[in-house]
Amino acid sequence: QVQLVESGGGLVQAGGSLRLSCAVSGRTFSSAAMGWFRQAPGREREFVGSISWSGGGTYYADSVKGRFSISRDNAKITVYLQMNRLKPEDTAVYYCAADKGYSRTAVTVPGRYDYWGQGTQVTVSS
């Protein structure tokens with residue numbers, strides 16, 4: 001089995017920064033892409049960004065482009081979400097997700113992913 005554990009969430013003032021981590025554990029792991037999603041109360045789960053394990057290519061939602069940055073450490077099997085210039089509308093529970101490998105489904109679609117972390121709360125105050 002594969003387990004994903006997010007950390008780094010918390011309370012921050014608007015304009016501040018946070019870095020989320022997603023550590024992956026498991027005997028077998030062959031993920032092609034890792035995604036970050038967020039969900040606010042009463043809202044649908046929203047794509048934030050993704051990264052490929054092999055090449056490190058990233059893709060971001062327009063709402064966070066230029067403010068958020070995703071990176072990965074292949075040796076540590078950890079993915080990071082650096083969030084800068086945070087806004088109150090960024091407030092949500094943030095989840096990391098991993099697929100099992102190649103998928104024809106777009107990285108923006110939650111259904112692509114097979115493993116999910118427990119989520120970490122990010123609250124941005126104004």
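Computation of the quantities below employed the complete heavy-atom set of this structure, encompassing side-chain atoms and omitting hydrogens, waters and symmetry-equivalent molecules. Here the structure is a predicted model, which means the values were calculated and not measured.
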Engineer: Consider only side-chain N and O atoms of T91 and E89, and report whether a donor and an acceptor are under 3.5 Å apart.
Structural biologist: no

Engineer: Take F68 and V48, measure what side chain to side chain contact (heavy atoms under 4.5 Å, CB included) needs, and give me the verdict at the end.
Structural biologist: CA-CA 9 Å; F68 291 10; V48 175; 3.7 Å; yes

Engineer: To check you understand the geometry: which heavy-atom pair defines the closest contact between E6 and G119, and what is its length?
Structural biologist: OE1-N, 2.8 Å

Engineer: Run the side chain to side chain contact (heavy atoms under 4.5 Å, CB included) check on D90 and V122 step by step: do they pass?
Structural biologist: CA-CA 8 Å; D90 295 319; V122 172; 5.5 Å; no

Engineer: Could you check whether any side-chain heavy atom of L20 comes within less than 4.5 Å of a side-chain heavy atom of W36, counting everything from C-beta outward?
Structural biologist: yes

Engineer: Decide yes or no for T120 and V93: does some side-chain heavy atom of the first lie under 4.5 Å from some side-chain heavy atom of the second?
Structural biologist: no

Engineer: For the pair V24 and K76, evaluate side chain to side chain contact (heavy atoms under 4.5 Å, CB included) and give the outcome as yes or no after the intermediate values.
Structural biologist: CA-CA 8 Å; V24 180; K76 301 295 184 183; over 6 Å; no

Engineer: With rounding to the nearest 0.5 angstrom, report the CG to OG distance, L11 to S125.
Structural biologist: 5.0 Å

Engineer: Taking atom types as modelled, find out whether Y94 and R38 have a side-chain donor-acceptor pair closer than 3.5 angstrom.
Structural biologist: yes

Engineer: Please tell me if the side chains of L81 and R19 come closer than 4.5 Å, counting only heavy atoms from C-beta onward.
Structural biologist: no

Engineer: Distance only, no hydrogens: is a donor on one side chain within 3.5 Å (strictly under) of an acceptor on the other, for T78 and D73?
Structural biologist: no

Engineer: Can you tell if the side chain of T108 reaches within under 4.5 Å of the side chain of Y59, non-hydrogen atoms only?
Structural biologist: yes

Engineer: Which value, rounded to the nearest 0.5 Å, describes the distance between R67 atom CZ and S17 atom OG?
Structural biologist: 10.0 Å

Engineer: In Å, rounded to the nearest 0.5 Å, how long is the span from CD1 of I51 to SG of C22?
Structural biologist: 11.5 Å

Engineer: If the threshold is 4.0 Å, N to carboxylate O, is there a salt bridge linking D62 and K65?
Structural biologist: yes

Engineer: Using a 3.5 Å distance criterion without hydrogens, assess whether the side chain of S103 forms a donor-acceptor pair with backbone atoms of R112.
Structural biologist: no

Engineer: Find out whether K87 and R85 are in side-chain contact, i.e. whether some heavy atom of one side chain is under 4.5 Å from a heavy atom of the other.
Structural biologist: no

Engineer: Does any part of the side chain of Y115, heavy atoms only, come nearer than 4.5 Å to the side chain of S31, both counted from C-beta?
Structural biologist: no

Engineer: Under 30°, 30 to 60°, or over 60°: which ring-plane class applies to Y113 and F37, parallel, tilted or perpendicular?
Structural biologist: perpendicular

Engineer: Do L4 and V2 come close enough that some side-chain heavy atom pair is under 4.5 Å?
Structural biologist: yes

Engineer: Could you walk me through whether N74 and W53 satisfy the side chain to side chain contact (heavy atoms under 4.5 Å, CB included) test, starting with their C-alpha distance in whole Å, then the side-chain angles of each, then the deciding distance to 0.1 Å, before giving a yes or no?
Structural biologist: CA-CA 7 Å; N74 289 35; W53 278 107; 3.5 Å; yes

Engineer: Establish, for the pair R45 and W116, whether the NZ or CZ atom is under 6.0 angstrom from the six-membered ring centre and no further than 45 degrees off its axis.
Structural biologist: yes

